[in-house]
Protein chains: 2
Amino acid sequence: MTVERPATPLSRARRPTIKDVAEKAGVSRSTVSRALTGRGYAADEVRERVRRAAAELGYVPDAMARTLKQQVSRSVGVIVSDLRNSFYAELAAGASAAARERGYTMVLADTSLSTDAEIEAAEAFVALRVAGVIVTPNSPSVSTYLGEHGIPVVEVDRQFAAGSTDGVVVGNRVGAREATAHLLELGHRRIALFIDETNWTTGHERYEGYSEALAASGGAVEPALVVSSGWDVAGSHQRALDMLREPDRPTAVFAANNVLAEGVWRAVAELGLRVPGDVSLVAFDDAPWMSMVSPAVTAVAQDTLSLGAAAVRRLHERIERPDGESVTSVLGVRLMVRGSTGPCPAP
Amino acid sequence: MTVERPATPLSRARRPTIKDVAEKAGVSRSTVSRALTGRGYAADEVRERVRRAAAELGYVPDAMARTLKQQVSRSVGVIVSDLRNSFYAELAAGASAAARERGYTMVLADTSLSTDAEIEAAEAFVALRVAGVIVTPNSPSVSTYLGEHGIPVVEVDRQFAAGSTDGVVVGNRVGAREATAHLLELGHRRIALFIDETNWTTGHERYEGYSEALAASGGAVEPALVVSSGWDVAGSHQRALDMLREPDRPTAVFAANNVLAEGVWRAVAELGLRVPGDVSLVAFDDAPWMSMVSPAVTAVAQDTLSLGAAAVRRLHERIERPDGESVTSVLGVRLMVRGSTGPCPAP
DNA sequence: ATATCCCGTGGGAACGATGCCATGGCGCTT
DNA sequence: AAGCGCCATGGCATCGTTCCCACGGGATAT
């Protein structure tokens, strides 16, 4: 349905430029520039006069012209995988706030998990001469590409270019170890791991944490219990249904991120299994729904807002000092024990 | 915790410009421009040669210089209230995808519900010479300000400047009416409305829908049952606790957005009230958690992704034809009946 | 043969802001 | 009185791209 309304002609007036301000204040463009930016000399009286003239005209300096001249903008690029996932949305929110604090505008690209889109976004950022880029990478290519163009990059959450690129990640290994240890303490031995993949960065570390906890309790990873279930709810949902229908199903599941956790959780509900009576569930990444469902889901919580803010902070430092050593910050995580984990049921 | 790693010097090589491409291809800058943009003549052989030279150099046209010359960029600004709210995150995701399809980059500002931040973002967008702006406004000021600067604006979700600015909203009145009617059909008469405010745009329309449904059933709005509970979970949570502790508490609550619904939902759980046995709950805006909790929450679902996409589409049309009549599109909503609504308990 | 057209190309002036450099005035020292 | 330094300002080139204009050469029309 569409409602038509009478048009109002937009005032397409030419935007005032520094020249207009200069004429109005009776000084040269150079003086206006110095007066407004605060760089260089300007008599107090003149500065005030220029300020007034600018305000009266509604003058807004053209960021394009400034960037062109200075060869670097006050924008930072942010590339995330999927804004619909609360993790990335919160990351972006944290980055946005921190960017604003530092006077940066945020150019955001949601790649919808596509590598093409990732490269496309990186190119757009090069074209925009962004001061730096924050990315939750899916491959090393973005960091490499931007590095070649001399643009500072901070990899967040996942890290492919450790050593040559700054990073901000969370204690994946520790978190996964604690989550698994928590289940082991409750007596569980058959603990399934639902994970996107186990070879790179975040996935690898979470797998390692899981593995270490098992080893510490005298157990070992049972390959049949490790499920690489892709990146979407549907995938993990299906795989969880398959696994939990088996007679020798696991007594506990550790889902390595919030998406996989949702799939598993839906499967458990669908099969009518009791939680934690029949199966315990623990997740990595504490999504909002986890504390609302009943029983609430035990989860490894990361301070995602801080993760985004820390990335901007790191990026800012890198922009100020381009040639320092590359640094990876590791943020802590916290195991939130809730109702979804309980003692291992008697066989 | 921080891990230091050896530095890798960034290749701070000067970025190739159109001049470099011109020299490499043995033509003038004008020809390179024509060959790459496709505007104006260029012999096939030359075009191909220029393309190769550009590719070999890794040339990326400077968007700043281009924008400066053309006086308008290929970026759209998006201003949302709070990315941590799934509604806005999804809206942004829809806008992002639609923007990318049309070759725009998206500059995003999360205002964290602050009007200052809103104006700040608008100024930044003027400075960036964005092609247009999409905003979930909290006051008419952003649209007015951008309008004065000749920047097309689309108001989405809420609309303050109807008549002078394009808008994309959902059927708030219809949705609220259906939700309320659903409760009335179940026999409820004391239906509380939790709402942020009732005077403007979205809040007003939802209130009207609620009111209309009551009137249609021969009832009327009881002021004591209408709670303006602010914009956060804590507020509605407290107000819900207060109201539901009363002996003459309502038998049903209609929460006019997902945040208020969360507050009410938490209050209901905290008081140990059965849903829908003691109290029914229906929400406007179907947040992810609503279909996961038990009982699942009946909600008026809006296609938020489409809302964002439609806003970009509208904006794009406005950019192409700046002087047409201003248009407001209204997207449909759908009542998702779930377990949280049931027959009115006997007194 | 000359005029007219079109194709293809290069020259160069913008776009708006910045920042180096030159200039001039004033006050102070020697 | 001349020299010096400092403050305050204006002139101007520059950033990288676009696009208007002019121009040359070949084909076609007269």
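Each chain gets a letter, A, B and so on, in the order its sequence line appears, and its residues count up from 1.
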d([atom1], [X]; [atom2], [N]) in whole Å:
{"X": "Tyr41(B)", "N": "dG10(C)", "atom1": "OH", "atom2": "P", "answer": "16 Å"}
{"X": "Leu68(B)", "N": "dT18(D)", "atom1": "CG", "atom2": "C1'", "answer": "10 Å"}
{"X": "Leu57(B)", "N": "dG16(D)", "atom1": "CG", "atom2": "P", "answer": "14 Å"}
{"X": "Arg66(B)", "N": "dT17(D)", "atom1": "CZ", "atom2": "C1'", "answer": "8 Å"}
{"X": "Arg74(B)", "N": "dT18(D)", "atom1": "CZ", "atom2": "C1'", "answer": "16 Å"}
{"X": "Ile18(B)", "N": "dG12(C)", "atom1": "CD1", "atom2": "P", "answer": "17 Å"}

Using a cut-off of 4.0 Å on non-hydrogen atoms, how would the nucleic acid contact of [X] be classed: base, sugar-phosphate, or nothing?
{"X": "Ser30(A)", "value": "base"}
{"X": "Thr37(B)", "value": "sugar-phosphate"}
{"X": "Val32(A)", "value": "nothing"}
{"X": "Arg39(A)", "value": "sugar-phosphate"}

Problem set entry | Of Met64(B) and Thr31(B), the one whose closest DNA chain D nucleotide lies more 5' |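 So the residue in question is Met64(B).
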For this session: Please evaluate the base of dG12(C) for a donor-acceptor partner in the side chain of Arg29(B) within a cut-off of under 3.5 Å?
Result: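 Pair found.
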For this session: Kindly say whether the aromatic ring centers of His316(A) and Tyr104(A) come within a distance under 6.0 Å.
Result: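 Yes, ring centres under 6.0 Å apart.
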